[in-house]
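Right, one structure below, let's go through it.
Because the structure is predicted, anything quoted here is derived from the model rather than measured. Along the sequence shown, the residues carry numbers beginning at 1. Quick note: numbers below take in every heavy atom, side chains included, and nothing from hydrogens, waters or symmetry partners.
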Amino acid sequence: MTPAMAVETMAVSPWVWAGFVGFVLAMLALDLGVFHRHTHEISMKEAAIWTCVWVGLALCFAIGLWVFYGGDIAMLFVAGYFMEESLSVDNLFVIIAIFSYLKIPRRYQHRVLFWGIIGALLMRGGFVYLGVLLIERFDFVLYIFGVLLVMTGARIAIRSDDVFDPAENRMIKLVRRFIPVTHELHGNRFFIMEHGTRHATPLLLALIVIELTDVVFAVDSIPAIFGITKIGFIVFTATMMALLGLRSLYFLLAGTLDKFRFLHYGIAFILVFIGVKMLLESYWHPPIYLSLLMIVLGIGT
């Protein structure tokens, strides 16, 4: 058995699972209840500090894995974390387009993203659990994931003017069809009473659309991380840590994303590499550091 295959087993105590979930809940409570209790515009400096905090926490978690479970497990986490973080950058373009179209001021965007991240955490957690069950029961699921990733990577690589257009987005039209939405904002409120009827504000519309688009992005990111490792705990923790840092990363990069002209090539490279790795699972077991190196190369594109 090769080292890459042997490391796919990891005994994790229920207390470790509970401790990690408790950490996530505590950080969310501190975020909304203490650090962002009052609505304000997130500055570049604040976003940079928080981005360093989240990345630092992820690296500290990796060190803890190294101490208690070994270097290979820690490298799997780091590879999964950086891959999820890099794939999420593509999602930021969509978020910017939604906020711009709905005219959501920067000072209210953190509130939308906070609740959006909570929804994404719950949804991604469910996807990870379902993925683990499918892979444990049906080996061929990995090959399906591999084909999907290669096809998605190829589609992303050849796209040129594929820009998200909120005005033509079906999800926005569908939400507006079933939920009455006001034309103007009302502070940081998601709902208001108007003429005796509860109406949603553009803040809620932005939140719903961001949640729905995240489902689409999860179809790529969740299979991709299973191409790094099939250990449920590593998949779950890497995904959650990447999501926790997504808000600060958004405010840090929001004004500079137009400079990432070749980002889609890097994402396509990562998806195709992971997809091929999954398709060759029975014949090719590359060392963990090679997967990490490929992800770093993709991010640096």
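Counting only heavy atoms from C-beta outward, the side chains of I274 and M83 approach each other to under 4.5 Å. Two residues are said to be in side-chain contact when any heavy atoms from C-beta on lie closer than 4.5 Å; H199 and I179 fail this criterion. Inter-residue side-chain proximity for L271 and R155 is flagged as unmet; no heavy-atom pair is nearer than 4.5 Å. Proximity of W50 to L249: side-chain heavy atoms (C-beta onward) are nowhere separated by under 4.5 Å. Counting heavy atoms from C-beta on, the side chains of P202 and K103 never come closer than 4.5 Å. In this structure the side chain of Y101 never reaches within 4.5 angstrom of the side chain of V209, judged on heavy atoms. For the pair P223 and L149, the minimum side-chain heavy-atom distance is below 4.5 Å. A heavy-atom distance below 4.5 Å is found between the side chains of F217 and V94.
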Side-chain polar contacts of residues 122-141 - donor-acceptor pairs under 3.5 angstrom, sequence neighbours left out - could you list them?
unit_1, atom_1, unit_2, atom_2, d
R124, NE, D214, OD2, 3.3
R124, NH1, S221, OG, 3.2
R124, NH2, D214, OD1, 2.8

For residues 236-246, please give each side-chain donor-acceptor pair under 3.5 Å, one per line with the distance, not counting sequence neighbours.
unit_1, atom_1, unit_2, atom_2, d
T237, OG1, F233, O, 2.8
T237, OG1, I234, O, 3.3
T239, OG1, V235, O, 2.7

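The distance from the CZ atom of F226 to the CG atom of L142 is 9.0 Å, given to the nearest 0.5 Å. Q109 contributes atom CD, which lies 11.0 Å from atom CD1 of I98 (distance to the nearest 0.5 angstrom). The OH atom of Y250 sits 12.0 Å away from the CD1 atom of I117 when rounded to the nearest 0.5 Å. We find the OG1-CD1 distance between T152 and I267 to be 11.5 Å, quoted to the nearest 0.5 Å. For the atom pair CG of L207 and CG of L102, the computed distance is 11.5 Å after rounding to the nearest 0.5 Å. Expressed to the nearest 0.5 Å, how far CG of L252 lies from CG of L92 amounts to 10.0 Å.
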Does F251 form a side chain to side chain contact (heavy atoms under 4.5 Å, CB included) with E46? I'd like the steps, not just the answer. CA-CA 9 Å; F251 288 108; E46 183 179 356; over 6 Å; no
Could you walk me through whether I96 and F99 pass the side chain to side chain contact (heavy atoms under 4.5 Å, CB included) test, one step at a time? CA-CA 5 Å; I96 289 175; F99 282 153; 5.9 Å; no
Would Y81 and V55 count as a side chain to side chain contact (heavy atoms under 4.5 Å, CB included) if you check the C-alpha gap in whole Å, the side-chain angles of each, and the deciding distance to 0.1 Å? CA-CA 10 Å; Y81 170 76; V55 174; 3.7 Å; yes
Should E211 and W115 be marked as a side chain to side chain contact (heavy atoms under 4.5 Å, CB included) after you check the CA-CA gap, both sets of side-chain angles, and the distance that decides it? CA-CA 9 Å; E211 291 284 15; W115 293 108; 5.9 Å; no
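F61 and F20 have tilted rings, their planes meeting at an angle from 30° to 60° on a 0 to 90° scale.
Counting all heavy atoms, side chain and backbone alike, M10 lies closest to L65 at CE-CD2, 4.1 Å. For the pair P180 and R198, the tightest heavy-atom approach, listed with the atom from each and the gap, is CG-O, 3.7 Å. Closest approach of V272 and A154 over heavy atoms only: CG2-N, 4.1 Å. Pairing each heavy atom of I104 with each of A206, the nearest pair is CG1-CB, 4.4 Å. Taking every heavy atom of both residues into account, F114 and R247 meet most closely at CD1-NH1, 3.4 Å. Contact between L76 and I228 at its shortest, heavy atoms only, is CD2-O, 3.6 Å.
I192 and V112 sit in two unconnected hydrophobic clusters of ILVMFWY residues. Membership requires side-chain heavy atoms under 4.5 Å apart, directly or through other members. Put simply, V67 and V12 are part of the same group of oily side chains (I, L, V, M, F, W, Y) that touch within less than 4.5 Å, one to the next. In this structure, M193 is not a member of the same hydrophobic cluster as V181, with clusters built from ILVMFWY side-chain heavy atoms closer than 4.5 Å.
No donor-acceptor contact under 3.5 angstrom links the side chains of Y143 and E281, judged on distance only.
Using modelled atom types, no side-chain atom of T201 and backbone atom of L185 make a donor-acceptor pair closer than 3.5 Å.
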